[in-house]
Amino acid sequence: MRRFVTKTLILLTLTGTFPLSTVANQSQRSLSSTEKFSETNDNKLSNELLAKLKIYQTTLISGSKKFSLEETLILCFQNNPNLKYYKTNVESKYYQLYASKLLWMPTISVYNSQTPSFGRYSSKTVSTTDTSNSTSKSQYNVITPGVQLTWNFLMPTRSPYINFNLKQLESSQYIYLTAVRNQLLSAQSAYYQVQADYELIKQYTKIYNIELKQITLMQERYNDKVLDLGSLGQTKAQLYLTLSQLIAYYNQYFVSVANLANVVGLDEKTIIIPSSELTQQGTWNLSLNDSINNALAFREEIKNYLSLAEASGFNSEYYLRSYLPVLALYGSTYYSKLSGESQNIYGNASTTSSTIGLNLTWTPFDGGINYQLSKSELALGKGYRSQAELERDLVIQQVRSTYSQFVSSQSNLEATRRAYEASKIGQEVSTVRFNYGVGDITTIVQSLQLLSQAASAFVQAKLDYNNSVASLYRYTSQDIPNIPTNFFINTKTP
């Protein structure tokens with residue numbers, strides 16, 4: 001309604017139907033009915049809003065631990081439950097392989113030549129005829145243990161079974177290493193994000209303090225009737241917009257800190273924060289073609305599918321060899337001893353028996369079951385090789401995209417750095433010009449907006465650069481710099 005009245009007054013004045021002095025008086029009465037800006041209230045309110053976040057930040061930091069990026073990655077490797085899961089899977093496959101190798105060992109078993117092996121036998125027989133009755137009793141102790149040894153020295157299914165378990169172990173190791181690299185990339189990204197959020201808080205706090213000083217100066221000019229209320233309102237609107245953005249960055253920082261703790265795998269009582277500020281981290285010296293070739297040669301995802309394909313081949317061979325005979329060296333011995341009373345006669349009896357020779361086990365026909373299972377494994381192996389080819393295409397796409405991000409982030413980093421430096425100079429110059437009365441409030445507000453945008457863009461550029469370098473190391477399966485060489489070799493291998 002006030003805007004409509006003002007437009008109407010201006011129109012009447014321009015058409016000459018309303019005196020200019022009347023417009024001025026009407027505007028002054030409109031302003032006098034509006035709630036006045038108060039420097040003290042504005043500064044107090046904005047500082048109180050910000051103080052709550054600073055108190056929480058102080059509480060958060062007081063219970064946290066500072067770690068470098070390398071220390072954070074090692075901590076993630078040691079604590080993350082997802083990695084522990086994949087590591088136990090590797091250990092399980094290792095023990096399966098070890099068990100399959102033990103098929104070369106002979107087996108020894110204890111058996112019963114009679115039942116029971118150790119015990120007491122009792123019987124009573126009563127005979128009745130027309131002329132007499134008779135009773136006979138038998139009671140004696142029984143000891144009849146037996147031992148047999150079997151060694152399958154010719155077992156056609158043994159070698160493919162061992163090789164199958166070996167390839168299964170290799171597959172589990174590749175899956176584990178893939179999980180490690182993915183988790184470490186997540187930890188790097190989370191670490192850089194915390195650094196970036198903290199840097200944004202610092203930058204916007206500086207801008208916020210600049211605007212507070214401007215508010216104080218302009219409030220004085222407004223009180224001296226040198227500055228109009230609209231100009232003062234623009235500055236205060238910019239102040240609260242900056243404060244709103246600063247609050248958002250505080251919230252983003254708290255979320256990022258919690259996410260970093262989750263990625264690393266810390267308990268609910270432990271929080272870590274970076275020990276350094278956000279800076280340009282690392283570089284990448286390989287060309288695009290060399291990066292792609294390295295990725296195709298070392299990516300664990302490709303090796304995993306190839307190992308699974310080989311495992312299927314060995315399993316197919318295992319089923320086919322099930323039709324071949326198994327030849328074993330067999331030996332057994334048993335001892336039997338009876339002592340007691342039988343038909344009123346006391347005595348002992350013992351027997352020892354031994355056997356040694358070759359034992360043949362052969363199932364030449366099972367209805368074709370194992371043959372069909374062999375064909376199934378061959379088909380499964382073809383599917384794994386197709387998955388390996390699909391993974392190769394995905395690897396190439398990942399490296400190309402990440403390399404493009406790296407190249408563009410290099411240029412963008414320099415561009416945003418220069419924009420940030422220029423915006424700082426522009427803001428300082430516009431402030432000085434305004435203080436000397438040769439500038440206007442619009443220029444001040446625009447310079448502060450440009451400084452805010454440039455600061456955000458510069459921080460984002462550093463974040464993008466660091467993430468692109470980290471991603472190149474991940475997607476080419478290269479070891480992370482400054483990490484121990486045995487970092488990834490932490491699983492059991494036969």
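All heavy atoms count here, side chains included; hydrogens, waters and symmetry mates do not.
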Q) Between OG1 of T363 and CG of N370, what distance do you get to the nearest 0.5 Å? A) 9.0 Å
Q) Would you say the side chains of Y323 and D366 form a donor-acceptor pair under 3.5 Å? A) yes
Q) Which heavy atom in S68 sits nearest to a heavy atom in E71, and how many Å separate them? A) N-OE1, 3.0 Å
Q: Check the pair L266 / L75 against side-chain contact (heavy atoms from CB on, under 4.5 Å), numbers first and verdict last.
A: CA-CA 9 Å; L266 301 177; L75 194 63; 3.7 Å; yes
Q) Okay, side chain of S353, backbone of T333: is any donor-acceptor separation there less than 3.5 Å? A) no
Q) How many angstroms lie between NZ in K206 and OG1 in T242, if you round to the nearest 0.5 Å? A) 15.0 Å
Q. Are Q427 and T431 linked by a side-chain donor-acceptor pair shorter than 3.5 Å?
A. yes
Q. Are there more than 12 heavy atoms of other residues, nucleotides or ligands under 6.0 Å from atom CH2 of W151?
A. no
Q.
Under a 3.5 Å cutoff, is there a donor and acceptor pairing between the side chains of T402 and S471?
A. no
Q. Closest approach of T178 and E301, non-hydrogen atoms and distance?
A. CG2-OE2, 3.5 Å
Q. So, the side chain of R158 versus the backbone of N152: is there a donor-acceptor pair under 3.5 Å, distance only?
A. yes
Q. CZ/R418 to CG/L413 distance, rounded to the nearest 0.5 angstrom?
A. 11.5 Å
Q.
Run the salt bridge (charged side-chain N to carboxylate O under 4.0 Å, His left out) test on E91 and K84 for me, step by step, so that the C-alpha distance in whole Å, both residues' side-chain angles and the decisive distance to 0.1 Å come before the verdict.
A. CA-CA 11 Å; E91 293 178 354; K84 291 180 180 179; over 6 Å; no
Only distances under 3.5 Å count here; give the side-chain donor-acceptor pairs of residues 372-380 to other protein atoms, sequence neighbours excluded, each with its distance to 0.1 Å.
{"unit_1": "S374", "atom_1": "OG", "unit_2": "S316", "atom_2": "O", "d": "3.0"}
{"unit_1": "S374", "atom_1": "OG", "unit_2": "S316", "atom_2": "OG", "d": "2.5"}
{"unit_1": "E377", "atom_1": "OE2", "unit_2": "N315", "atom_2": "ND2", "d": "3.3"}

Q | Intermediate values then yes/no, side-chain contact (heavy atoms from CB on, under 4.5 Å), V264 and Y191 | A | CA-CA 10 Å; V264 173; Y191 190 92; over 6 Å; no
**Q.** Donor-acceptor pair, side chain of N163 and main chain of S159, under 3.5 angstrom
**A.** yes
Q. Going by atom types only, do Q387 and E391 share a side-chain donor-acceptor pair under 3.5 Å?
A. no
Q | ring pair (Phe, Tyr, Trp, His ring centres under 6.0 Å) partners of Y249, counting only residues at least two apart | A | Y204
Q: Please determine, by modelled atom types, if E277 and Y198 share a side-chain donor-acceptor pair under 3.5 angstrom.
A: no
Q) Do K424 and E421 meet the salt-bridge criterion of a basic N to acidic O distance under 4.0 Å? A) no
Q) Between Y473 and Q188, does any side-chain donor sit less than 3.5 Å from a side-chain acceptor? A) no
Q: Ignoring hydrogens and angles, state whether a donor on the side chain of T279 or Q281 is under 3.5 Å from an acceptor on the partner side chain.
A: yes
Q: Would you please classify the geometry between the F164 ring and the Y161 ring as parallel, tilted or perpendicular, with 30° and 60° separating the classes?
A: parallel
Q) Where the side chain of T88 meets the backbone of Y85, is there a donor-acceptor pair that is under 3.5 Å apart? A) yes
**Q.** K382/E389 salt bridge by N-O under 4.0 Å criterion
**A.** no
Q. Is the closest side-chain donor-acceptor distance between D464 and Q460 under 3.5 Å?
A. yes
**Q.** E300 and K303 ion-paired at < 4.0 Å
**A.** no
Q.
I'd like to know if the side chain of S171 and the backbone of K167 have a donor-acceptor N/O pair within less than 3.5 Å.
A. no
Q: Hey, could you give me the CG/OH distance between L472 and Y403, rounded to the nearest 0.5 Å?
A: 8.0 Å
Q: Would you check if the side chain of Q478 reaches a backbone N or O of T476 as a donor-acceptor pair within less than 3.5 Å?
A: yes
Q) Taking the six-membered ring of F458, is NZ or CZ of K462 closer than 6.0 Å to its centre and within 45° of its axis? A) yes
Q: To the nearest 0.5 Å, tell me how far Q453 CD sits from L448 CG.
A: 11.0 Å
(Q) Could you walk me through whether Q203 and S456 satisfy the side-chain contact (heavy atoms from CB on, under 4.5 Å) test, starting with their C-alpha distance in whole Å, then the side-chain angles of each, then the deciding distance to 0.1 Å, before giving a yes or no? (A) CA-CA 8 Å; Q203 294 293 340; S456 299; over 6 Å; no
Q: Could you go through the side-chain contact (heavy atoms from CB on, under 4.5 Å) check for Q410 and Y465 one step at a time?
A: CA-CA 7 Å; Q410 284 181 305; Y465 175 86; 3.7 Å; yes
Q. Quick one: ring pair (Phe, Tyr, Trp, His ring centres under 6.0 Å) pairs with a partner in residues 293-314, sequence neighbours left out?
A. none
**Q.** From CD1 (I396) to OG (S401), nearest 0.5 Å
**A.** 11.5 Å
Q: Taking atom CZ of R433 as the centre, report whether more than 12 heavy atoms of other residues, nucleotides or ligands fall under 6.0 Å from it.
A: no
